[in-house]
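Note sheet for the following structure.
Just so you know, ligand 1 is whichever comes first in the structure, and atom 1 is the first atom listed for that ligand.
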Amino acid sequence: MKNLIFSGMQPTGALHLGNYLGALKQWVGLQDQHNCVFCIVDYHAMTIPYEPKDMAGRICELALDWLAAGIDPEKSTVFIQSHVPEHTELAWIFNTITPLGELERMTQFKEKSEQHKQNVNAGLFTYPILQAADILLYKANLVPVGEDQVQHVELTRDIARKFNKTFGGMFPEAKPLLTKTARIMSLADPAKKMSKSLSEKHYVALTDDENTVRKKVRAAVTDTKGGAKSPGVMNLFAILEALDETIVKGFEAEQKKGTLKYSDLKDVVANTIISHLKPFQERRRELGKERGKIAKILIDGADRARKIAQATMQEVREKIGVQ
Ligand code: ATP
Ligand code: MG
């Protein structure tokens with residue numbers, strides 16, 4: 001069956017291994033079988049402090065990451081959220097049917113308000129409502145995301161149900177689609193997930209050069225806790241397994257015997273990451289020479305997305321009695 005797939009990423013910084021292994025890698029595979037819509041969610045990125053003059057550049061970098069990873073604009077619709085104003089229009093309508101209590105439960109809101117104590121804005125709080133609008137405008141039934149976004153996709157399902165019940169059925173109940181490595185942890189603090197908006201030492205960016213990758217992986221926290229794998233070591237195993245299942249088996253055996261040397265593990269993790277990033281970075285460099293082409297891809301994508309979004313909004317307006 002052909003599914004309607006929607007997912008997005010924020011232009012908040014360099015993409016990292018978590019974004020790739022948790023989401024982007026599976027987006028690439030889904031494109032051949034399904035209708036895919038991939039959105040650069042710039043309005044979401046405004047919920048944390050940012051420099052307006054940097055936004056356009058970040059959007060372009062994110063588009064480059066996607067294309068270099070294998071997102072194909074011939075197969076998928078790729079566009080910028082703010083180019084399709086129906087996203088914010090539908091979000092307003094969903095605002096009126098979303099209970100405050102549901103938003104207060106959201107882990108991302110709690111974490112980001114903790115990180116940005118000086119700027120706990122209403123947009124950060126209603127972020128999942130805009131995300132529900134992103135997904136449901138395209139009537140997507142599958143949302144390939146990392147584990148941290150599952151709670152938001154579940155809220156999207158509640159919003160769809162509530163809308164359908166109140167105004168009449170029109171939205172599917174979207175489900176999250178996870179990979180085996182749906183949660184990569186920070187290298188410097190394995191209790192936190194790897195995030196773009198944490199500082200450099202926490203993540204390996206897809207654009208990091210060889211030396212940077214080695215330095216960051218060598219510095220990864222790996223303290224042992226009574227013989228069992230510590231969260232930091234489990235994280236290195238998860239990264240290795242996602243990139244190369246065969247290598248990880250030998251290390252598993254050593255870990256069980258108690259002969260595993262973390263420095264050896266780190267060297268192999270770093271080498272494996274470097275060899276995986278190499279072809280990606282080469283493609284990225286080539287694509288980076290044609291920025292005009294990227295702008296055109298995003299404009300064409302928005303034209304396609306807008307047609308679907310406008311049709312959905314027409315239907316919504318009829319249902320809610322606003323003509
Ligand atoms: P930010 O810190 O700005 O929120 P982020 O790294 O969380 O950045 P997002 O743009 O919010 O990135 O999320 C993009 C996608 O990457 C989402 O599907 C999200 O679930 C996934 N993702 C983010 N971090 C991880 C991670 N550490 N492991 C697996 N998937 C992740
Ligand atoms: Mg995030």
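- Every atom of ligand 1 is numbered from 1 in the order shown, and the set under 4.0 Å from a heavy atom of Met194 is 24 (N), 25 (C), 26 (C), 27 (N).
- Contact annotation for Asn19 and ligand 1: heavy atoms of both the backbone and the side chain come within less than 4.0 Å of the ligand.
- At the top of the distance list for atom 14 (C) of ligand 1, counting protein heavy atoms only, stands Met9 CG, 3.5 Å.
- Less than 4.0 angstrom separates some heavy atom of Ala182 from each of these atoms of ligand 1: 28 (N), 29 (C), 30 (N).
- Set against the non-hydrogen atoms of Ser195, the atoms of ligand 1 under 4.0 Å away are 2 (O), 6 (O).
- For atom 31 (C) of ligand 1, the nearest protein heavy atom (residue, atom name, distance) is Gly18 O, 3.6 Å.
- Annotation: Lys175, atom NZ; neighbour count of heavy atoms from other residues, nucleotides and ligands within 6.0 Å does not exceed 12.
- For the residue pair Ser186 / Asp189, no side-chain donor-acceptor distance below 3.5 Å is found, with atom types taken as modelled.
- In terms of protein heavy-atom proximity, atom 8 (O) of ligand 1 is closest to Lys196 NZ, 3.2 Å.
- Checked by distance only, ligand 1 and Ala23 stay at 3.5 Å or farther apart across all their nitrogen or oxygen atoms.
- Taking the six-membered ring for Trp, His34 and Phe6 have ring centres at least 6.0 Å apart.
- A salt bridge is defined here as a Lys NZ or Arg NE, NH1 or NH2 lying under 4.0 Å from an Asp or Glu carboxylate O, and Glu210 with Lys278 fails to meet this definition.
- Phe109 and His152 have their aromatic ring centers separated by at least 6.0 angstrom.
- Residue, atom and distance of the protein heavy atom nearest to atom 1 (P) of ligand 1 are Lys112 NZ, 3.3 Å.
- With respect to atom 3 (O) of ligand 1, the closest heavy atom belonging to the protein is Thr12 OG1, 2.7 Å.
- Annotation for ligand 1: atoms under 4.0 Å from non-hydrogen atoms of Gly22 are 29 (C), 30 (N).
- Using a 4.0 Å cut-off to heavy atoms of Gly146, the atoms of ligand 1 that qualify are 18 (O), 19 (C), 20 (O), 21 (C), 30 (N).
- With salt bridges taken as basic N to acidic carboxylate O contacts below 4.0 Å, none links Glu154 and Arg105.
- Protein heavy atom in closest approach to atom 28 (N) of ligand 1: Ile184 N, 2.9 Å.
- In this structure, Lys196 is not positioned above the aromatic face of Tyr203 in the sense of NZ or CZ being under 6.0 Å from the six-membered ring centre and within 45° of the axis.
- Contacts between Arg183 and ligand 1, counted as non-hydrogen atom pairs separated by less than 4.0 Å, involve the backbone only.
- What sits closest to atom 11 (O) of ligand 1 on the protein, heavy atoms only, is Gln10 NE2, 3.2 Å.
- With respect to Arg58 and Asp42, no salt bridge is recorded, no charged nitrogen being found less than 4.0 Å from a carboxylate O.
- A salt bridge links Glu61 with Arg284: the closest approach of a Lys/Arg side-chain nitrogen to an acidic carboxylate oxygen falls below 4.0 angstrom.
- Residues Lys307 and Asp303 are not paired through a salt bridge, judged by the lack of any N-O separation under 4.0 Å between the basic side chain and the carboxylate.
- Among protein heavy atoms, atom 5 (P) of ligand 1 sits closest to Lys193 NZ, 3.6 Å.
- Between Tyr127 and His44, the distance separating the two ring centers is shorter than 6.0 angstrom.
- Considering each of Leu15, Asp148, Asn235, Leu17, the one bringing a non-hydrogen atom nearest atom 19 (C) of ligand 1 is Asp148.
- Ligand-side atoms of ligand 1 in range of Ser197: 1 (P), 2 (O), 3 (O), range being under 4.0 angstrom from any heavy atom.
- Of all heavy-atom pairs between Val221 and Ala188, the closest is CG2-O, 3.2 Å.
- The closest approach between a heavy atom of His16 and any atom of ligand 1 is below 4.0 Å.
- Looking at Met185 against ligand 1, nothing comes within 4.0 Å, counting heavy atoms.
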